[in-house]
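Order of the sequence lines sets the chain letters (A, B, ...), proteins ahead of strands, with each chain counted from 1.
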There are 2 protein chains.
Amino acid sequence: MPGQLKWRHRFQAHVSRWTVPREVILDLLSRTSKHMSVKEIYASLYKMYPGIGLTTVYRTLDLLVRAGFINRFPSGDGQNRYEFKSNKKKEHHHHLVCIKCRKIIDYSDFVDEELELVKKTEEILAKKHSFNVLGHNIEFYGLCEKCK
Amino acid sequence: MPGQLKWRHRFQAHVSRWTVPREVILDLLSRTSKHMSVKEIYASLYKMYPGIGLTTVYRTLDLLVRAGFINRFPSGDGQNRYEFKSNKKKEHHHHLVCIKCRKIIDYSDFVDEELELVKKTEEILAKKHSFNVLGHNIEFYGLCEKCK
DNA sequence: TTACTAATGAATATGGTTATCATTATCATT
DNA sequence: AATGATAATGATAACCATATTCATTAGTAA
């Protein structure tokens, strides 16, 4: 499949070997729009690939984050969640986290204004604090429809 | 001291008893501009008040967050950090976190533009997703002057 | 001062993530 | 296709931040 070959190619800039766990994990995340926890990812993979180890899931996710394939963000309940990073600009979004049921809603309104603000901020920060900005995290939290 | 009495008064809207640990923890945070971890807070208090328990530190911080006295935010290394919440609008700020040495820099540039964006976003989100926005977190990650 | 009970703190549990290390599997070379 | 160097894996256990339990202590209204 072309997608996988493409991944493999991009991947090999970061690691030397193309392995089954790496492909399976990347594949799973690329097919869902959910914000999955490690537990969920592990459980999901276990059905298709019972041999997989939890350690490998952690390591691979870390790798994928570093390689820029996926995003990691804290979901507020002490664990991280992961999502496939789309390269389409339109799909840039942030999260709305319900502090009660932990439901996560993506939103992508005001992306342009936001991106502009972020860009502007990053430039100033780079100058003012000699800080090399690599990423940002914007989250709104509150109560969702059902929980309020 | 007037500050403490004021706190006590505000505090009693949330809890029924004014205790030494609560005063000491609130006092410590109000006197520093640092973004302290639980470990740091505990260690610092232990000098002045060796009897204090780690559990109480956790419980009290939780209480102070809920009561609106302090902010809690994830520092990216798996632990939370806490800071005294100023009621002065001018001191509204966000964080610049170095992913290497974990140094945190406050910045408060573009506060007006940012607040406007945030306000606008909150309004839309409330309507569109029936979401009751209670707060937000904005953090930039990257490398500080020394680490890059 | 007393009595009620919220708050504390020591000990323990929990849950997410990381480190260790023997085993396995990938891939360049043959 | 077979080999061999070594990167990657996975089981286990460690680690660390945070939560829970419960007997004891201490605020506060009376």
Validation row, ring centre His95(A) to ring centre Phe73(A) under 6.0 Å
yes
Could you tell me whether the side chain of Ser30(A) and the main chain of Asp27(A) form a donor-acceptor pair under 3.5 Å?
yes
Considering only distance and modelled atom types, tabulate donor-acceptor pairs under 3.5 Å from the side chains of residues 49-61 of chain A, sequence neighbours left out.
unit_1, atom_1, unit_2, atom_2, d
Thr60(A), OG1, Thr56(A), O, 2.7

Any side-chain heavy-atom pair of Met48(A) and Val24(A) under 4.5 Å
no
Any side-chain donor-acceptor pair under 3.5 Å between Glu139(A) and Tyr141(A)?
no
Return the value, rounded to whole Å, for the distance between atom CZ of Phe73(A) and atom C1' of dT17(C).
17 Å
Ile52(A) CD1 - dT24(C) P separation (whole Å)
17 Å
Give a yes/no answer on whether the side chain of Tyr49(B) brings an N or O atom under 4.0 Å of OP1 or OP2 in dT8(C).
no
Should Val38(B) and Gln79(B) count as side-chain neighbours, where that means a heavy-atom distance under 4.5 Å?
no
Mind checking if Tyr46(A) touches a base, just sugar-phosphate, or nothing, with heavy atoms under 4.0 Å?
nothing
If you compare all heavy atoms of Asp62(B) against all heavy atoms of Arg72(B), which two are closest, and at what distance to 0.1 Å?
OD1-NH2, 2.9 Å
Leu64(B) CG to dA7(C) P: how many Å, rounded?
13 Å
note: Leu63(B), atom CG; dT8(C), atom P; distance rounded to Å ~ 8 Å
Could you tell me the separation between the CD atom of Glu40(A) and the P atom of dG15(C), rounded to a whole number of Å?
15 Å
When the distance from CZ of Arg22(A) to P of dA7(D) is rounded to whole Å, what number comes out?
11 Å
How would nucleotides 17-30 of chain D be written as a contact map, 5' to 3', with B for base contact, S for sugar-phosphate-only contact and - for no contact, using protein heavy atoms under 4.0 Å?
SB-BB----BBS--
Would you call the rings of Phe140(A) and His136(B) parallel, tilted or perpendicular if under 30° counts as parallel and over 60° as perpendicular?
tilted
Dot-bracket, 5' to 3', for DNA chain C please: Watson-Crick or G-U pairs under 3.5 Å, [ ] where pairs cross earlier ones, | where the partner sits on another strand, dots elsewhere.
||||||||||||||||||||||||||||||
Measure the spacing between NZ of Lys103(B) and CG of Leu143(B) and express it to the nearest 0.5 Å.
12.5 Å
